[in-house]
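When a ligand or atom number is given, it counts from 1 through the structure's own listing order.
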Amino acid sequence: MGKTQFDFSNQVAVITGAGQGIGKRSAERFAEAGARVFLIDIDEKAGAAAAEAIRAAGGDAAFIRCDLTASASVAQAFAEVLAKAGRIDILVNSAGGFSLQLGIADTPEEEWDAVIDRNLKSVFLTAKAVIPIFQKQQSGRIVNLGSLAGLTTFNLSSPPYSAAKAGVHCLTRYLAYELGKYGVTVNAIAPGTTATERVIAVRNEEQRKMIGKSTLLGRIAEVDDMAGWVLFLAAPESGYLTGQTIAVNGGRLMV
Ligand SMILES: NC(=O)c1ccc[n+]([C@@H]2O[C@H](COP(=O)([O-])OP(=O)(O)OC[C@H]3O[C@@H](n4cnc5c(N)ncnc54)[C@H](OP(=O)(O)O)[C@@H]3O)[C@@H](O)[C@H]2O)c1
């Protein structure tokens, strides 16, 4: 999907978790394809730098700091987008992740709540923010980042993360069910391990190669392997696809 050309001229895309990784690359690709992009992240430095880099490359980008687990912060961020752009065409929920890998018995309640909030509640809150906008426009696209960890169980995940991502896949179907009548599509991708900054920081080259060997293609994903799907699911070409989670994992799991 890396070289596919898309045209998002005159469209407004909001990308969460856009300070780094798949969200950042998706924001860059939307901007290259002509969209006006709003990058949302809790990391002010990374988010502002990502938006600045897009502007320096000639794109139209703005950063808004937001804690996606807090409803007031989310409402404020989307109100700001609406005030500046007047509409929202695409929402990409890429913020997420986990840091601790513990068994269920060892997982502190606070860790459970924090990971569920970061990965699942955040999608609920951003969806609540765009639903009235999409209803009014009678159009809109939502692309969620699920995970292979939400489709199956393996040793490189964490219980709240896997449960939250399974929830994201379910919420994707539920949102599609509710919003189809407004011309809105809602889909997700479930990535396998992808060479983002965070993955490179926590898994050394040998570990990344080992994980790659567990795929049919013999390598872990590059960020563009995921960003291409994000753009495709927001593009007119995918207009009759909704409620689906696309498993983009190099054949590591076939469902
Ligand atoms: N990379 C993979 O191998 C992989 C595999 C399967 C699924 N995924 C999913 O794909 C998505 C993107 O992955 P990625 O690796 O590109 O992510 P990432 O590098 O971990 O980036 C996520 C971004 O979201 C931000 N964020 C975290 N909590 C937030 C909050 N409460 N409010 C606003 N922003 C917040 C992070 O900021 P901080 O850095 O300050 O926390 C970070 O900038 C995630 O949902 C991830 O779970 C990734």
So is Arg252 actually on top of Phe154's ring, under 6.0 Å and inside 45° of the axis?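 Judged by the rule, Arg252 and Phe154 form a cation-pi pair.
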So does Glu52 have more than 12 non-hydrogen atoms from other groups sitting under 6.0 Å from CD?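 For Glu52, atom CD is crowded (more than 12 foreign heavy atoms under 6.0 Å).
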Side chains of Tyr182 and Gln135, donor plus acceptor under 3.5 Å: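 Judged by distance alone, the side chains do pair up.
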Would you kindly say whether Ser157 and Ser162 are connected by a side-chain donor-acceptor distance under 3.5 Å?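 The criterion, which ignores hydrogens and geometry beyond distance, is satisfied for Ser162 and Ser157.
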How long is the straight-line distance from CG of Asn187 back to CD of Gln244, given to the nearest 0.5 Å?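 These two atoms lie 6.5 Å from each other.
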Could you label the plane-to-plane angle of the Phe6 and Phe232 rings as parallel, tilted or perpendicular, counting under 30° as parallel and over 60° as perpendicular?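 The rings of Phe6 and Phe232 sit tilted, inter-plane angle from 30° to 60°.
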Check ligand 1 against the protein and report each N/O to N/O distance under 3.5 Å, formatted as atom name, atom name, distance.
from     : atom 1 : to     : atom 2 : distance (Å)
ligand 1 : 1 (N)  : Thr196 : OG1    : 3.4
ligand 1 : 3 (O)  : Thr194 : N      : 2.8
ligand 1 : 15 (O) : Thr196 : OG1    : 3.1
ligand 1 : 16 (O) : Ile22  : N      : 2.7
ligand 1 : 19 (O) : Gln20  : NE2    : 2.8
ligand 1 : 20 (O) : Arg198 : NE     : 2.5
ligand 1 : 20 (O) : Arg198 : NH2    : 3.1
ligand 1 : 31 (N) : Asp67  : OD1    : 3.0
ligand 1 : 32 (N) : Cys66  : O      : 3.4
ligand 1 : 32 (N) : Leu68  : N      : 3.0
ligand 1 : 34 (N) : Ile42  : N      : 3.1
ligand 1 : 37 (O) : Asp41  : OD1    : 3.3
ligand 1 : 39 (O) : Arg198 : NH2    : 2.9
ligand 1 : 43 (O) : Asp41  : OD1    : 3.1
ligand 1 : 43 (O) : Asp41  : OD2    : 2.8
ligand 1 : 45 (O) : Ser94  : O      : 3.0
ligand 1 : 45 (O) : Lys165 : NZ     : 2.8
ligand 1 : 47 (O) : Gly97  : N      : 3.4
ligand 1 : 47 (O) : Tyr161 : OH     : 2.6
ligand 1 : 47 (O) : Lys165 : NZ     : 3.2

